[in-house]
Amino acid sequence: MERITIFDTTLRDGEQSPGCSMNLGEKLRMAQTLDALGVDVLEAGFPIASRGDFEAVERIAREVRRPSVAALARCKHEDVEQAWQAVRDAERPRIHTFLATSDIHLEYKLKITRAEALEQARTAVALAKSHCDDVEFSPEDATRSDFDFLCQVVETAIEEGATTINIPDTVGYSLPSDYGVLIGNLKNKVRNIDRAVLSVHCHNDLGLAVANTFAGIEQGARQVECTINGIGERAGNAPLEEIVMAMRVRSDSLPYETGIQANLLYTASQQLARTISFGPQPNKPVVGANAFAHAAGIHQHGVLSNPLCYEIMTPESVGAPGTKIVLGKHSGRHALQARYAELGYRLESAEIKEIYARFTELADRKKNIFDQDLLALLPNARRTPLASAAAAPTAHPA
Ligand code: KIV
Ligand code: ZN
């Protein structure tokens, strides 16, 4: 098993997206959770962006001692200095400096030539290195950059002491095949690449962030940049929980390990959802409300017989509350009978047959069927549960 470094950027790339800003206390509590989760590098923020962000990064650097704490900086003197001031008290500080290398960014955004960009990258990495051993450099929009120029900038950054080279697919434009080839070519063409760890940073504009991340790992990248719930610019970054669980569930094809405590993934996801203004969509892999929910009769029957029929990981493995059998118009008799049993009513086949007919009528009219609805469907004479009733009603619709 090869070890993959998990670089979490929930508090930087994640935080800079709409509806996700966090105050100092919220960032600190989230950082403590990320520490417990086991991330290797925690990108705490972009200190030059605001006084508040500087203070949050500084506080995290002082209080969260196990992971490396990274601060982001453009390739500008004042950014690098601010980043260093913010992380200098960390147990393991890292300065992460970046500069766009694609012609479109150089011409329209930065209005500088390739030669000027090369010099800015050289100077910023050298300055960062004068403060800190652990320096990461990112050529922003790497996937739309001229390959030879990209190699030149990467080689220069390593010459000046960068120890991690991160290759961002800034606008989520790459296909897995493109991205894998790019990482492989960088490994082959950059003379001094063996002096740095290659890192992947994939945005999800085409829904390919996780696939691209794995394409990069297959070609030798050993650091993954990701966020909880996949928050990040526009459509977000590669979700940490999906990458970690893909490695666990498919270790037969993905022989990699991380330091992540997978059973804390759900808690981290929920904490983030409470902190920012939105949670993961219900059908979000691994941590969504429906990730372990079954509404169709055939699926419910299968899961009740053996969860492996329709679940490739257990809810417990990610700390989620448990398999949910959701009753609705697609449910079958097995699920209905099982839910009544949980509520303390052991119904015979003949009884369930009759109740099931009324249940499907109701389910055709109602989106959610609650336990109270099930109780109302019982004939009057059957409304007293057995003394040994096992389960309390679930919080979700029955
Ligand atoms: O997406 C990106 O290019 C970034 C860099 C700052 C690493 O977030
Ligand atoms: Zn990004």
Side-chain angles (χ1 to χ4, degrees), residues 5-18 20-21 39 41-50 53 57 68-76 79-80 82-83 86-87 94-106 108-110 117 120-121 124-125 128 134-146 149-150 153-154 157 162-174 178-179 182-183 186 196-210 212-213 216 221 223-240 243:
T5 297
I6 297 290
F7 177 115
D8 180 275
T9 183
T10 306
L11 300 180
R12 198 281 297 169
D13 212 324
E15 205 226 348
Q16 74 193 41
S17 60
C20 296
S21 74
V39 306
V41 187
L42 195 166
E43 189 165 49
F46 191 10
I48 196 81
S50 72
D53 217 34
V57 177
S68 299
V69 176
L72 187 69
R74 289 168 299 182
C75 282
K76 288 178 181 269
D79 280 42
V80 174
Q82 283 285 86
V87 291
R94 175 180 292 193
I95 298 176
H96 176 194
T97 186
F98 75 101
L99 182 70
T101 46
S102 66
D103 288 335
I104 191 161
H105 278 234
L106 293 180
Y108 293 99
K109 185 182 80 174
L110 299 174
Q120 286 185 14
V125 173
D134 188 352
V135 175
E136 172 168 334
F137 174 75
S138 291
E140 190 191 6
D141 206 17
T143 53
R144 295 191 302 169
S145 300
D146 174 78
F149 180 58
L150 181 64
V153 177
V154 166
T163 42
T164 300
I165 295 292
N166 178 46
I167 303 300
D169 184 24
T170 301
V171 290
Y173 176 74
S174 276
D178 306 333
Y179 195 68
L182 177 62
I183 298 292
L186 283 164
V197 173
L198 260 176
S199 164
V200 291
H201 178 114
C202 299
H203 280 269
N204 208 24
D205 299 66
L206 293 175
L208 293 170
V210 172
N212 288 341
T213 296
Q223 175 178 284
V224 165
E225 303 203 353
C226 48
T227 60
I228 299 294
N229 294 347
I231 65 168
E233 290 285 4
R234 306 176 309 282
N237 290 61
L240 180 152
I243 293 164

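Predicted, not measured: the structure shown is a model, and the values here were computed from it. In listed order, ligands and their atoms are each counted from 1.
Distances from the Zn ion (ligand 2) to the N/O/S atoms of Asp13 are shortest for OD2.
The Asp13 neighbourhood of ligand 1 comprises atoms 8 (O), with distances under 4.0 Å to a heavy atom of that residue. Shown in contact with Ser138 at under 4.0 Å from a heavy atom are these atoms of ligand 1, numbered in order with element: 7 (C). Listed by atom number, the atoms of ligand 1 under 4.0 Å from His203 heavy atoms are 1 (O).
Between His203 and Val171 there is no side-chain heavy-atom pair separated by less than 4.5 Å. Using a 4.5 Å heavy-atom threshold, the side chains of Thr143 and Tyr179 count as touching. Side-chain contact check for Asn166 versus His96: some heavy-atom pair is nearer than 4.5 Å.
Comparing heavy-atom distances from atom 6 (C) of ligand 1 across Arg12, Glu43, Glu140, Arg234 singles out Arg12 as nearest.
With Asp79 contributing its side chain and Ala83 its backbone, the two residues share no donor-acceptor pair below 3.5 Å. Of the possible polar contacts, none joining the Asp8 side chain to the Val39 backbone as a donor-acceptor pair under 3.5 Å is found.
Nearest approach of Leu106 to Thr101, heavy atoms of both residues: CD1-O, 3.9 Å.
Applying the side-chain hydrogen bond (donor to acceptor under 3.5 Å, both in side chains) test between Glu43 and each of Thr9, Thr10, Thr227 identifies Thr9 as the sole match.
Protein heavy atom in closest approach to atom 3 (O) of ligand 1: Thr170 OG1, 2.6 Å. In this structure, atom 4 (C) of ligand 1 lies nearest to the protein heavy atom His201 NE2, 3.5 Å.
Between Asp141 and ligand 1, a contact under 3.5 Å exists for no N or O pair.
With the Zn ion (ligand 2) as vertex, His201 NE2 and His203 NE2 subtend 100°, rounded to 10°.
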